[in-house]
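The structure under discussion appears below in the form of structure tokens.
Hydrogens, waters and symmetry mates are skipped; everything else that's a heavy atom, side chains included, is used. So you know, we letter chains A, B, ... as the sequences are listed, proteins then strands, and number each from 1. Quick caveat, the model's predicted, so the values are computed rather than measured.
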2 protein chains.
Amino acid sequence: MNWQDKLNKEGLRLTTPRRVVISVLEAAGVPLSPQTIHQRSLDADEEIGLVSVYRTLEMLTDLGLVRRVHGHEACLGYVLASPGHHHHLVCRSCSTAVEFSGMDDLSTLIDHIQEETGFLVDEHMLQFSGLCPQCRKRTPHHDQD
Amino acid sequence: MNWQDKLNKEGLRLTTPRRVVISVLEAAGVPLSPQTIHQRSLDADEEIGLVSVYRTLEMLTDLGLVRRVHGHEACLGYVLASPGHHHHLVCRSCSTAVEFSGMDDLSTLIDHIQEETGFLVDEHMLQFSGLCPQCRKRTPHHDQD
DNA sequence: TCCTTATTGAAAATAGTTTTCAATAAGAAA
DNA sequence: TTTCTTATTGAAAACTATTTTCAATAAGGA
């Protein structure tokens, strides 16, 4: 299903600002902040309002079509999300973000945690950072820098 | 080692504002925002500047003595951290935060991810939310897992 | 107690995000 | 295509969060 249909299905319209936000995210492939997305729309001569960037990101996040990615210190930004998967792996050198599913290993962990703590775990946030294959090659040593 | 020594060891001073921030965090046991910490200092007739709250949190975070806790949407706040452990489990009802270690299960997961993606994983952020034992009891149904 | 200097707090500066509202344009219907 | 309804836009203002500046203060070693 294309973006047009995805939005129309929800009674939403595929407008120019929304199209631009989506294409910027598609072109980037790394988490981008609202400010960065706005700047890139200017760079591409597709000026849209910063306010619309915020509203579009909120809408797409609600629909599960983009995901917020966090670092330890702050929110890194937003990336397009494929539905159903919830985890990101971000390269700390080039910021490339990859999605992965790890529910099998994770459900074991969740079981252990529930036993240990007595909590009922129903939501989780798991993110990894490291070096992507390209940046590993570029780095002389394979340890950590 | 007490707080006095922990700070002095680093050439830092244990001042009244720092003492207040720490005691508010100790008393809370749940993640608190800078604003909330400030408000509680007023409530306790221990007025300190909001600016000092920010600076104290930054300092304690740098020393690894407090940790930022994130939710999917935003930063939930700061909690005291015991050194070495990195994961939090937060109750979505009462915000109680518990630390846990899950490195055994997690290292399996990390191995799998490294194989699948070719990334070198060197940092991770893992947080869970759910219901703590007390809030489970208060909740009528135990249905959804 | 004295002295050095890390730290404080008020205000101002900066940054990030949300709300308001009249004007616009998407997309369904004719 | 044209018309119509209303979701959406964008500029400005409001709001909230965070950082910087700097003179005054106080922590803790000598």
Side-chain angles (χ1 to χ4, degrees), chain A residues 1-24 31-63 65-66 68-78, chain B residues 1-24 31-63 65-66 68-78:
Chain A
M1 192 160 30
N2 57 27
W3 290 100
Q4 177 83 57
D5 294 338
K6 281 179 190 169
L7 299 199
N8 288 172
K9 196 182 57 167
E10 306 286 337
L12 300 166
R13 296 170 182 177
L14 182 57
T15 62
T16 301
R18 289 171 179 177
R19 209 188 298 270
V20 171
V21 168
I22 291 167
S23 74
V24 167
L32 300 178
S33 67
Q35 278 73 21
T36 303
I37 294 169
H38 181 237
Q39 184 55 53
R40 295 205 181 174
S41 82
L42 302 183
D43 295 346
D45 281 319
E46 297 259 34
E47 178 164 3
I48 60 177
L50 176 58
V51 189
S52 293
V53 176
Y54 277 101
R55 285 190 284 224
T56 300
L57 290 172
E58 185 186 12
M59 180 214 79
L60 292 173
T61 303
D62 288 345
L63 294 181
L65 300 173
V66 310
R68 272 182 99 131
V69 178
H70 298 265
H72 280 275
E73 292 314 309
C75 179
L76 297 174
Y78 297 79
Chain B
M1 189 160 34
N2 57 26
W3 290 100
Q4 177 83 59
D5 294 339
K6 282 179 189 167
L7 299 198
N8 288 173
K9 194 182 58 167
E10 306 286 337
L12 300 166
R13 296 170 182 176
L14 182 56
T15 61
T16 300
R18 288 171 180 176
R19 207 187 301 268
V20 171
V21 169
I22 292 168
S23 73
V24 167
L32 299 178
S33 67
Q35 279 71 21
T36 303
I37 294 169
H38 181 237
Q39 185 55 51
R40 296 204 179 174
S41 82
L42 301 183
D43 295 347
D45 282 319
E46 297 260 34
E47 178 163 4
I48 60 177
L50 176 58
V51 190
S52 292
V53 176
Y54 276 101
R55 284 189 285 224
T56 300
L57 289 172
E58 184 186 14
M59 180 214 80
L60 292 173
T61 303
D62 287 346
L63 295 181
L65 301 173
V66 309
R68 272 182 100 132
V69 178
H70 297 265
H72 280 276
E73 292 314 309
C75 180
L76 297 174
Y78 297 79

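The heavy-atom pair separating Ser52(A) from Pro17(A) by the smallest distance is CB-CB, 3.9 Å. The two residues Thr36(B) and Leu32(B) have their closest heavy-atom pair at CG2-CD2, 3.9 Å. Here the closest heavy-atom approach between residue Val20(A) and residue Ser41(A) is recorded as CG1-CB, 3.6 Å. The two atoms that bring Lys9(A) and Met1(A) nearest to each other are NZ-CE, 3.7 Å, heavy atoms only. When all heavy atoms are compared, the tightest approach of Val66(B) to Leu57(B) is CG2-O, 4.0 Å.
Distance check, rounded to the nearest 0.5 Å: CZ of Arg19(A) to CD of Gln4(A) gives 6.5 Å. Atom OG1 of residue Thr56(A) and atom CG of residue Leu7(A) lie 9.0 Å apart, to the nearest 0.5 angstrom.
Nucleotides of DNA chain D that come within less than 4.0 Å of any heavy atom of chain B span, from the 5' end to the 3' end, dA17(D) to dG28(D).
Not a single side chain to side chain donor-acceptor pair (under 3.5 Å) links Glu46(B) to another residue, sequence neighbours left out. Under the side chain to side chain donor-acceptor pair (under 3.5 Å) criterion, Glu58(B) pairs with no residue at all, not counting sequence neighbours.
A heavy atom closer than 4.0 Å to some atom of DNA chain D occurs in Leu12(A), Arg13(A), Thr15(A), Pro17(A), Arg18(A), these being the qualifying members of residues 3-20 of chain A. The stretch residues 45-58 of chain A touches DNA chain C through Val51(A), Tyr54(A), Arg55(A), each having a heavy atom within less than 4.0 Å of the strand.
Judged by distance alone, with hydrogens and angles left aside, the side-chain atoms of His38(B) form no donor-acceptor pair with the main-chain N or O of Gly49(B) at under 3.5 Å. A donor-acceptor pair under 3.5 Å is formed between the side chain of Asn8(B) and the backbone N or O of Leu12(B).
In the helix from dT1(C)-dA30(D) to dA30(C)-dT1(D), the rotation axis of the first five pairs and that of the last five pairs differ in direction by 40°, rounded to 10 degrees.
Checked options Thr15(A), Thr16(A), Ile48(A); the residue passing with Val21(A) is Ile48(A) (criterion: side chain to side chain contact (heavy atoms under 4.5 Å, CB included)).
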